[in-house]
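These notes are about the structure you will find just below.
Here is the naming used below: chain letters follow the sequence lines, and residue numbers restart at 1 for every chain. Keep in mind that what you see is a predicted model, and the values were worked out from it rather than measured.
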Amino acid sequence: MELAPKFTPSEIESKWYQHWIDQQYFHSQVDEREPYTIVIPPPNVTGVLHMGHMLNNTLQDVLIRRARMLGKNACWVPGTDHASIATEAKVVAKLREQGIKKNDLSRDEFLGHAWEWTHKHGGIILQQLRKLGASCDWDRTKFTMDDDMSESVLQVFVDLYRKGLIYRGFRMVNWDPEAKTTVSDEEVIYKEKNGKLFYLRYQIEGEENFVTLATTRPETILGDTAVCYNPNDPRFSHLAGKRVIVPVANRSVPLIADDYVDMEFGTGCLKITPAHDLNDKEIGERHQLEIIDIFNDDATLNEQGLHYQGVDRFECRKLIVKELEALGNLVKVEDYQNKVGTSERTGAVIEPKLSYQWFLKMEHLAQPALKAVMEDQVQLVPEKFKNTYRHWMENVRDWNISRQLWWGHRIPAWFYGEGFDDFVVAMTQAEALELARQKSGNAQLQLQQLHQDEDVLDTWFSSWLWPISVFDGIRNPENPEIKYYYPTNDLVTAPEILFFWVARMIVAGYEYLGEKPFNAVYLTGIVRDKLGRKMSKSLGNSPDPIELIEKYGADGVRMGMLLTSPAGNDLPFDEALCEQGRNFSNKIWNALRLLKGWQVVEGNPSAAAEAGMQWMEQRIYQSLQIIEDHFQKYRISDALMTVYKLIWDDFCSSYLEIVKPNYQEPIDSKTYEQTAILFGELMKILHPFMPFLSEEVWHQLEARTTDLIITPMPVATGFNEEIIAQFDRAQEMVIGVRNIRNKHNVGAREVLHLHVQNNGEKALPEHFLSIVKKLAILSDITPTEVEIEGAQRFMVNTSACYVPLELNVDPEEELQKLTEELKYLQGFLVSVSKKLENERFMAGAPAQVVEMERKKAADAQQKISFIQDQLKRLN
RNA sequence: GAGAUAUUAGCUCAGUUGGUUCAGAGCAUCGCCUUGACAGGGCGGGGGUCACUGGUUCGAGUCCAGUAUAUCUCACCA
């Protein structure tokens with residue numbers, strides 16, 4: 001069957017993927033082999049594939065396929081998480097389109113819609129991963145809200161609560177009024193905004209005097225419960241003990257003194273709103289101030305807002321400024337730039353808000369996790385992230401694990417009374433009832449009197465268990481799967497979630513299994529567009545990965561992603577990278593076409609082919625060593641580049657040209673067979689990177705019953721350096737002749753003659769000279785003891801090579817060339833000699849270095865005398 | 001404001017514990033070749049005062065200090 005001149009990926013990709021699935025090659029179960037495990041960073045169940053996923057999952061697939069071919073029991077566990085905030089936001093938005101408000105629904109009704117949404121959109125992303133070639137064990141696909149996974153989460157909550165590590169607290173949280181939930185400090189993005197600084201004057205109670213203070217948020221004056229100055233500030237010392245009247249509210253509040261106030265800023269006087277500012281809250285606690293909350297959950301003003309009740313906070317700001325002006329309390333307004341916290345999820349301006357939240361004490365839990373990374377039991381790649389990690393873990397704050405949402409794991413706490421402590425934590429309602437009866441001392445307490453907390457747990461509170469819970473290690477820590485697969489080997493994820501997720505998984509690992517969750521964490525770069533912006537849906541600057549795959553082939557896109565993505569470095573994405581990947585596919589495909597086009601006859605290899613085969617084999621071994629080294633250092637893009645050059649430069653450009661028969665002549669059977677074998681070896685090495693193409697070529701090379709995906713990877717056991725060196729020498733000769741052809745416009749049709757003057761160097765073996773003869777298109781290569789006058793010349797090591805040409809050689813030019821070379825070599829020799837004459841160098845440098853310097857000096861010396869001889873003759 | 005990391009060819013990056021006088025790769029670019037696998041090809045070039053300034057050393061892209069710029073993290077004053 002004739003092969004198409006162009007490689008068409010789409011045809012073979014689905015074919016092989018289905019075949020691999022049918023053969024269950026991706027499936028893993030516990031056996032005697034050494035395990036190699038990766039758990040996928042679970043993407044949002046309702047999300048679609050973006051470029052970050054492409055990069056991330058390509059890397060994981062490379063690692064897992066390589067491990068599989070190295071004979072390990074490779075297990076890649078896929079799955080998704082429920083992404084509370086993002087999913088709930090999407091469901092709310094969709095309901096709004098249908099004219100339904102979330103608040104009009106019961107919790108169960110809403111969850112019904114959420115599940116419907118999840119079933120409809122859920123798993124799309126996992127389907128898309130198949131297109132990329134991801135060899136996940138799909139039988140193990142997990143979702144963080146599966147029954148067993150949910151049970152694990154609740155069990156951990158109950159356990160940590162009973163250990164005294166989870167507590168309920170009244171805290172200032174970052175409130176997202178749009179999503180109506182809290183977000184963590186890490187999810188707040190501070191943005192530079194052009195605001196105003198309003199100078200307001202408050203009348204001193206019982207006097208006609210005023211104090212002036214500055215604020216960016218005049219609407220919060222309705223929540224003011226004090227005005228504060230610095231105790232060291234002489235401007236205000238006479239006011240000690242007095243009170244002021246808050247304008248609009250006409251409320252009397254105390255004047256207090258606190259070191260917190262910066263005397264330089266504004267007027268040196270600060271209004272205190274404990275309910276709506278973290279610093280004010282702390283000052284309020286120090287001075288036992290009243291707390292007045294003026295906002296509703298959607299950031300409109302509540303009944304404390306007086307006549308502004310129901311008005312949005314920003315609208316209120318405008319209105320109240322007008323009122324203050326009318327009242328004569330507005331002194332002046334300045335333009336002012338400040339940083340405003342916004343929600344990473346919704347973009348809404350964060351409203352600091354006091355509320356009851358559930359917290360996990362982190363300080364103690366963080367200790368083993370910090371140690372594990374600092375002592376490299378868990379290796380971070382690249383290492384630079386250790387600093388960031390340490391900084392976080394040493395300053396870790398308690399984790400706010402509650403979210404004011406419905407979609408997620410509902411907090412297993414039941415309230416039975418109005419008191420702060422009138423609640424119990426339990427796995428089930430029945431258990432809760434029993435505990436509540438005990439705790440309350442009321443044996444008659446009924447189920448109907450219990451009310452479960454309305455909030456759900458932070459999504460990370462389920463995903464931090466991921467490497468354990470996917471193997472059921474929380475509920476059942478002694479089960480054979482967790483014993484076998486845990487700790488997993490590598491985790492591949494983005495540095496942005498090093499703390500959110502990675503650190504917390506390490507914490508959970510030590511807390512629940514007394515063991516790290518993975519050996520190494522490979523932190524990928526962030527995929528950016530050409531302008532250096534992060535790729536995001538909202539910017540619309542991300543190409544559709546599926547379209548890319550259709551255009552360049554999965555293999556091409558995989559290669560494009562891998563080529564320029566060293567760990568931890570950003571990846572400025574360019575489609576040209578995928579193009580390079582596609583070109584590489586095509587190159588390999590055409591090499592296959594060449595091979596398949598040859599007519600094969602019984603016979604023996606030529607001397608050149610013999611040498612070529614010897615060399616190619618050793619070159620593969622050499623490359624395998626390099627690749628192995630790259631993988632050990634997680635330098636995946638370097639490993640791929642090594643494969644790329646091995647195939648393109650060595651195999652296609654050099655080897656195939658050596659063994660290629662003359663036009664329309666047949667090839668001998670031995671060379672053909674060996675070439676097919678070498679080609680197959682290359683496909684094995686390529687497979688983890690380009691699985692589809694390599695599998696196809698593997699089967700095209702010969703009819704086989706075994707598939708490449710499970711074929712053992714060749715292992716480097718050393719290589720013959722002499723053969724490599726001999727080939728390099730031959731290649732330099734070829735390059736020398738080609739340069740002469742190029743320079744003098746001598747085409748390939750003109751057969752040339754080469755003379756080699758070895759100058760004491762050992763002559764290149766005959767079969768390697770045959771390579772030179774073939775690739776440089778020579779009629780003969782003859783040794784010579786003397787210079788060939790009038791010939792073009794070049795040097796390889798210390799050997800002189802002459803190519804006689806019927807040209808008018810300009811003696812002047814020749815003289816100049818030689819003189820230049822002489823000058824260079826002499827300079828070189830001087831610098832080397834200086835070192836050798838330097839006592840400190842001789843004393844300080846290692847023996848190897850000194851030896852190398854001596855050899856350099858000797859080689860240079862020899863070349864110099866050779867050139868000097870030539871110069872003598874020219875003169 | 002504090003800290004971390006970086007700064008090497010037009011672009012993206014290598015450069016291992018300091019040790020070749022031409023600092024490497026891929027892509028891009030340029031010239032030439034080209035009817036015989038592949039123009040998505042072959043061959044060969046050009047291109048860098050290794051951000052800057054000092055220092056340590058026999059020797060610095062590599063180590064140290066400072067400066068500049070960039071990115072990230074943390075903290076943020078109304």
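- B:C38 and B:G24 have their C1' atoms separated by 28 Å, given to the nearest Å.
- Atom P of nucleotide B:G36 and atom CD1 of A:I667 are separated by 19 Å, given to the nearest angstrom.
- Across the C1' atoms, B:U29 and B:C11 are found 11 Å apart, a figure rounded to whole Å.
- Among all heavy-atom pairs drawn from A:V373 and A:K386, the shortest one is O-CE, 3.6 Å.
- Across all strands shown, A:N739 has heavy atoms under 4.0 Å from sugar-phosphate atoms exclusively, and none from any base.
- The 5' end of RNA chain B is approached more closely, in terms of each residue's nearest nucleotide, by A:Y644 than by the other of A:Y644 and A:G268.
- Distances from the side chain of A:C652 to the nucleotides B:A37, B:U16, B:A78 place B:A37 closest.
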Apply salt bridge (Lys or Arg N to Asp or Glu O under 4.0 Å) to A:R286 and A:E282, showing your working.
CA-CA 6 Å; A:R286 282 200 286 277; A:E282 282 166 11; 5.0 Å; no
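- Note on ring orientation: taking the six-membered ring where Trp is involved, the planes of A:W648 and A:F584 are parallel (angle under 30°, cut-offs 30° and 60°).
- Per the geometry, CG belonging to A:N583 stands 11 Å off C1' belonging to B:C27, to the nearest Å.
- Across all strands shown, B:G66 pairs with B:C52; the Watson-Crick or G-U wobble distances both stay below 3.5 Å.
- Counting any heavy atom pair closer than 4.0 Å across all strands shown, A:F584 reaches no nucleic acid atom.
- The side chain of A:M641 has B:G26 as its nearest neighbour among B:G26, B:G41, B:C38.
- Relative to the side chain of A:N279, the nucleotides B:C27, B:C38, B:C76 differ in distance, and B:C76 lies closest.
- Rounded to whole Å, atom P of B:G26 lies 13 Å from atom NE2 of A:H630.
- Among the nucleotides B:C32, B:G26, B:A75, the one closest to any side-chain atom of A:N742 is B:C32.
- Listed candidates were B:G42, B:G26, B:G44. Nearest to the side chain of A:K587 is B:G42.
- Across B:G42, B:U5, B:A25, the shortest atom-to-atom separation from the side chain of A:N387 is found for B:U5.
- Between B:A37 and A:K660, a contact under 4.0 Å exists linking OP1 or OP2 to a side-chain N or O.
- Remark: the separation of the C1' atoms in B:G19 and B:C52 is 26 Å, to the nearest Å.
- Both the sub-6.0 Å distance and the 45° axial angle are not jointly satisfied by A:R235 relative to the ring of A:Y229.
- Nearest to the side chain of A:H391, among B:A14, B:C74, B:G41, sits B:C74.
- Between B:U21 and B:A68, the two C1' atoms lie 32 Å apart (nearest whole Å).
- Atom CG of A:D259 sits about 6.0 Å away from atom CG of A:N232, to the nearest 0.5 Å.
- OP1 or OP2 of B:C74 sits under 4.0 Å from a side-chain N or O of A:W392.
- A straight line from NE2 of A:H276 to P of B:C77 spans 16 Å, rounded to a whole angstrom.
- Within the 4.0 angstrom heavy-atom criterion, base atoms lie near A:A591.
- Here B:U17 sits opposite no nucleotide as a Watson-Crick or G-U wobble pair (both hydrogen-bonding atom distances under 3.5 Å).
- Looking at the side chain of A:W648, the nearest of the listed nucleotides B:A75, B:G41, B:A37 is B:G41.
- For A:Q580, whose side chain is taken as the heavy atoms from C-beta onward, the closest listed nucleotide among B:C27, B:A37, B:A25 is B:C27.
- For A:E363, the CD atom sits in a loose shell: 12 or fewer heavy atoms of surrounding residues, nucleotides or ligands are nearer than 6.0 Å.
- Rounded to the nearest Å, the gap between the P atom of B:G36 and that of B:A51 is 47 Å.
- When heavy atoms are screened at a 4.0 angstrom cut-off, A:I735 is found touching the sugar-phosphate backbone but no base atom.
- Base pairing analysis places B:A60 opposite nothing; no Watson-Crick or G-U wobble pair with both distances below 3.5 Å involves it.
- Comparing A:D638 and A:L656 by the nucleotide of RNA chain B that holds the closest heavy atom to each, the one mapping nearer the 5' end is A:D638.
- Side-chain nitrogen and oxygen atoms of A:Y260 include none within less than 4.0 Å of the OP1 or OP2 phosphate oxygen of B:A78.
- Atom CG in A:L577 sits roughly 10 Å away from atom C1' in B:G26 (whole-Å rounding).
- Comparing B:G15 with B:U8, their P atoms sit 14 Å apart, to the nearest whole Å.
- The side-chain heavy atoms of A:L752 and A:V737, taken from C-beta on, include a pair separated by under 4.5 Å.
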After noting the C-alpha distance and the side-chain angles of A:I588 and A:F651, does the key distance pass the side chain to side chain contact (heavy atoms under 4.5 Å, CB included) rule?
CA-CA 10 Å; A:I588 295 168; A:F651 186 68; over 6 Å; no
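- The distance between atom CG of A:L562 and atom C1' of B:C13, rounded to the nearest whole Å, is 15 Å.
- Rounded to whole Å, atom C1' of B:G45 lies 19 Å from atom CZ of A:R741.
- Separation of the C1' atoms belonging to B:G48 and B:U12 is 16 Å when rounded to the nearest angstrom.
- Annotation: B:A60 and B:G55 have their P atoms spaced 12 Å apart (nearest Å).
- Distance, A:I283 CD1 to B:C77 C1': 10 Å, rounded to whole Å.
- Looking at the side chain of A:E657, the nearest of the listed nucleotides B:A14, B:A37, B:G41 is B:A37.
- Across all strands shown, B:G1 forms a Watson-Crick or G-U wobble pair, both distances under 3.5 Å, with B:C74.
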